[in-house]
Protein chains: 2
Amino acid sequence: MDNLAVIIMAGGAGTRFWPASTAEKPKQFLGLGGERTLLQETYRRIESLVDPGRVLVLTSAAFEGLVQEQLPGLPPGNIVCEPVRRDTAAAVTLGAVLCRRLFGDPVTAVLPSDHLIAPVESFQGTLLSAARAADAEKVLYTFGIPPTRQETGYGYLERGEQVLDDAGRRHFSLLRFVEKPDAKTARAYLEAGNFLWNSGIFVWKASVVLEAVQDLLPDTAGRLEEAASHFGTPRWPEALRSAFEPLARVSVDHGVMEKAGNVRTVEADFRWSDVGGWTALAEFLEADAHGNAARGRTAIRDARDNIVFCADPEETVALLGVSDLIVVRAGSRTLVVPRDRAEEVKKLVEEAGL
Amino acid sequence: MDNLAVIIMAGGAGTRFWPASTAEKPKQFLGLGGERTLLQETYRRIESLVDPGRVLVLTSAAFEGLVQEQLPGLPPGNIVCEPVRRDTAAAVTLGAVLCRRLFGDPVTAVLPSDHLIAPVESFQGTLLSAARAADAEKVLYTFGIPPTRQETGYGYLERGEQVLDDAGRRHFSLLRFVEKPDAKTARAYLEAGNFLWNSGIFVWKASVVLEAVQDLLPDTAGRLEEAASHFGTPRWPEALRSAFEPLARVSVDHGVMEKAGNVRTVEADFRWSDVGGWTALAEFLEADAHGNAARGRTAIRDARDNIVFCADPEETVALLGVSDLIVVRAGSRTLVVPRDRAEEVKKLVEEAGL
């Protein structure tokens with residue numbers, strides 16, 4: 001598809017995979033699922049669909065070197081550093097104004113850089129299906145993932161009327177966006193069958209999303225359009241900083257999608273995870289006959305249902321006779337925690353100053 | 001005491017503390033109990049009693065560099081490398097013939113380099129008490145440890161008639177040496193009250209132990225006395241190799257002490273462990289309020305009765321919500337195993353080729 005452009009969002013800064021992920025190297029820069037990092041997998045997923053010159057990576061200055069290092073095929077000028085963190089409405093708008101300036105009015109796919117997705121072919125099929133529709137009509141697409149469990153960690157989309165594309169892919173109008181539900185509500189959504197997980201993957205024409213932002217967040221649209229007129233000039237870094245700092249901290253879901261009238265979803269036919277933690281990751285790792293999901297050099301004996309992650313190829317992690325643990329060795333840190341207490345690691349890291 | 005000499009036995013090669021201990025760096029060279037290594041602690045224990053020139057360290061060529069590095073105060077010529085491993089009867093006899101040649105006929109303390117002992121003052125008192133007696137009479141001393149549990153991992157000494165020294169220290173004649181007993185027998189020994197653990201710490205005059213070896217293992221005595229005549233000459237390494245290789249592999253307990261008529265024990269009034277594994281070590285480490293015994297940089301939260309060992313000062317080991325585990329980080333290896341399965345680690349290491 002000639003008119004395609006891609007924005008990869010690589011500014012996230014979580015430490016849920018501590019000690020594998022750190023403030024200096026958040027999860028998109030890690031090879032959590034395989035040899036390639038999540039960012040590299042994201043890029044690889046669209047490499048055959050779009051020219052590298054039409055891919056922009058949005059990140060922060062702290063990660064610019066990591067992006068360059070991990071995506072050597074990307075023109076260095078296509079890495080755009082957000083001067084401060086201002087949530088996804090600002091990032092998405094920045095992407096759109098730059099796409100307008102650089103590429104005319106492309107159909108733009110906005111891709112988080114820290115998701116696991118398989119297989120690639122299904123993802124590409126879904127993306128192109130949404131892109132064709134967004135090229136033809138003034139609609140904003142968010143990808144919906146058919147829920148496979150009673151998940152309280154994601155937002156949900158209540159789908160409306162169904163439209164099939166030529167290949168039989170299911171597109172839906174959207175009745176409403178739902179915040180992360182409690183367990184009972186999540187169960188009801190799962191059973192109802194007409195709810196999808198909100199993936200945070202978007203497809204739209206740059207002009208169409210900009211029109212929505214102008215309408216709903218006019219200050220954000222105005223400031224960033226003005227800044228974009230300096231892109232590629234010496235004024236650009238300072239213009240972007242001045243424009244960005246006063247922007248509202250609002251997500252694109254809250255600030256734009258929930259309020260826009262022309263929103264649709266396309267149902268994903270690929271496996272997807274936002275890899276929110278070790279347990280989510282383990283579902284994507286191949287496990288041995290005893291349920292141990294391991295990455296890196298490990299020696300595991302008479303042990304069950306452990307998640308073992310050894311980041312350094314020079315290192316080995318050996319487990320004997322233990323079960324239901326997460327064991328991580330990365331940097332100069334080692335973590336041992338039961339699978340069902342992974343959520344508490346953040347607190348330990350903060351309190352112990354690790 | 002002017003006539004004292006010390007032989008430190010530093011040739012052992014176990015890997016029970018894997019991955020902290022390895023074939024290249026067995027436990028005597030590790031700081032298991034504190035900042036100093038077990039070898040350094042052994043040396044420090046006798047430093048105030050004897051001139052460094054009268055301390056010999058017996059080891060293997062592979063460990064000579066480690067001994068030099070860890071005992072900078074020891075004259076390098078006092079490190080004696082056994083050309084092949086031939087158990088303790090050969091080592092003890094080598095020590096005795098060298099002491100005869102170098103120091104006349106000293107009272108000699110033979111000290112394993114891989115034990116934990118505290119407090120130092122009690123150890124020194126016991127040693128000097130045995131040394132004075134061995135200087136006055138032709139007797140062979142082995143230190144006896146009052147048993148504190150039903151231990152099947154040690155040999156036992158059945159004590160006979162009691163003699164008190166001037167300070168009230170208890171010396172005993174020996175009725176018999178007993179091999180490692182089964183649990184029931186160990187329990188009986190503990191309850192009987194007249195059994196001691198055989199520590200492997202010896203005190204004797206060089207001439208007295210040599211007389212016993214000449215009597216009981218004449219080949220060993222003859223070969224090593226001949227070799228010793230070349231000590232300090234260019235012939236020495238080859239002479240020692242020729243003498244050592246054909247020697248019987250027999251322990252000093254089996255080959256000499258059990259059969260000699262003039263054996264005594266002195267009862268230790270110090271805490272002692274041969275540190276046979278992590279659980280034994282943990283008894284010497286200070287534990288936190290929840291029973292966690294830790295060495296090195298650790299962060300432990302809501303966890304109980306774990307043994308955590310982090311060998312590298314640049315590394316941190318974090319535990320959250322786990323109990324009764326051994327977690328070791330050393331070299332480029334990490335081990336996680338329940339406390340009660342530490343014995344099986346050897347097998348894992350062998351089978352996985354670690």
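Protein chains get the first letters and strands the later ones, always in sequence-line order, with residue 1 at the start of each.
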Quick one: of A:Gly331, A:Pro338, A:Ala299, who has the most non-hydrogen atom pairs under 4.5 Å with chain B?
A:Pro338
Between A:Val317 and chain B, with a heavy-atom cut-off of 4.5 Å, which part of the residue counts as in contact: side chain, backbone, both or neither?
both
Taking every non-hydrogen pair under 4.5 Å, which of B:Ala318, B:Ala303, B:Pro19, B:Cys310 racks up the most with chain A?
B:Ala318
Using heavy-atom distances under 4.5 Å, tell me whether A:Glu314 contacts chain B through its side chain, its backbone, both, or neither.
backbone
Count the heavy atoms belonging to other residues, nucleotides or ligands that lie under 6.0 Å from CZ of A:Arg339, then report whether that count exceeds 12.
yes
Tell me whether the count of non-hydrogen atoms from other residues, nucleotides or ligands lying under 6.0 Å of CD in B:Glu286 goes above 12.
no
Could you check whether atom CD of A:Glu35 has more than 12 heavy atoms from other residues, nucleotides or ligands sitting under 6.0 Å from it?
no
Is B:Arg301 close to A:Arg341 at the side-chain level, that is, under 4.5 Å between some pair of heavy atoms?
no
Cut-off 4.5 Å, heavy atoms of chain B, and the answer for A:Val345 is both
Do A:Leu325 and B:Val322 come close enough that some side-chain heavy atom pair is under 4.5 Å?
yes
Among A:Val337, A:Asp340, A:Thr316, who wins on heavy-atom pairs under 4.5 Å with chain B?
A:Thr316
Which of these, A:Thr334, A:Val327, A:Val308, sits in a side-chain contact (heavy atoms from CB on, under 4.5 Å) with B:Val336?
A:Val327
Would the number of heavy atoms belonging to other residues, nucleotides or ligands and lying under 6.0 Å from CD of B:Gln68 be above 12?
yes
Selection from A:Gly321, A:Ala352, A:Ala342 maximising heavy-atom pairs under 4.5 Å formed with chain B:
A:Gly321
Short N-O contact, A:Arg329 and B:Glu315, less than 4.0 angstrom:
yes
Going by side-chain contact (heavy atoms from CB on, under 4.5 Å), A:Leu348 matches just one of B:Ile300, B:Leu320, B:Asp302, B:Leu319. Which one?
B:Leu320
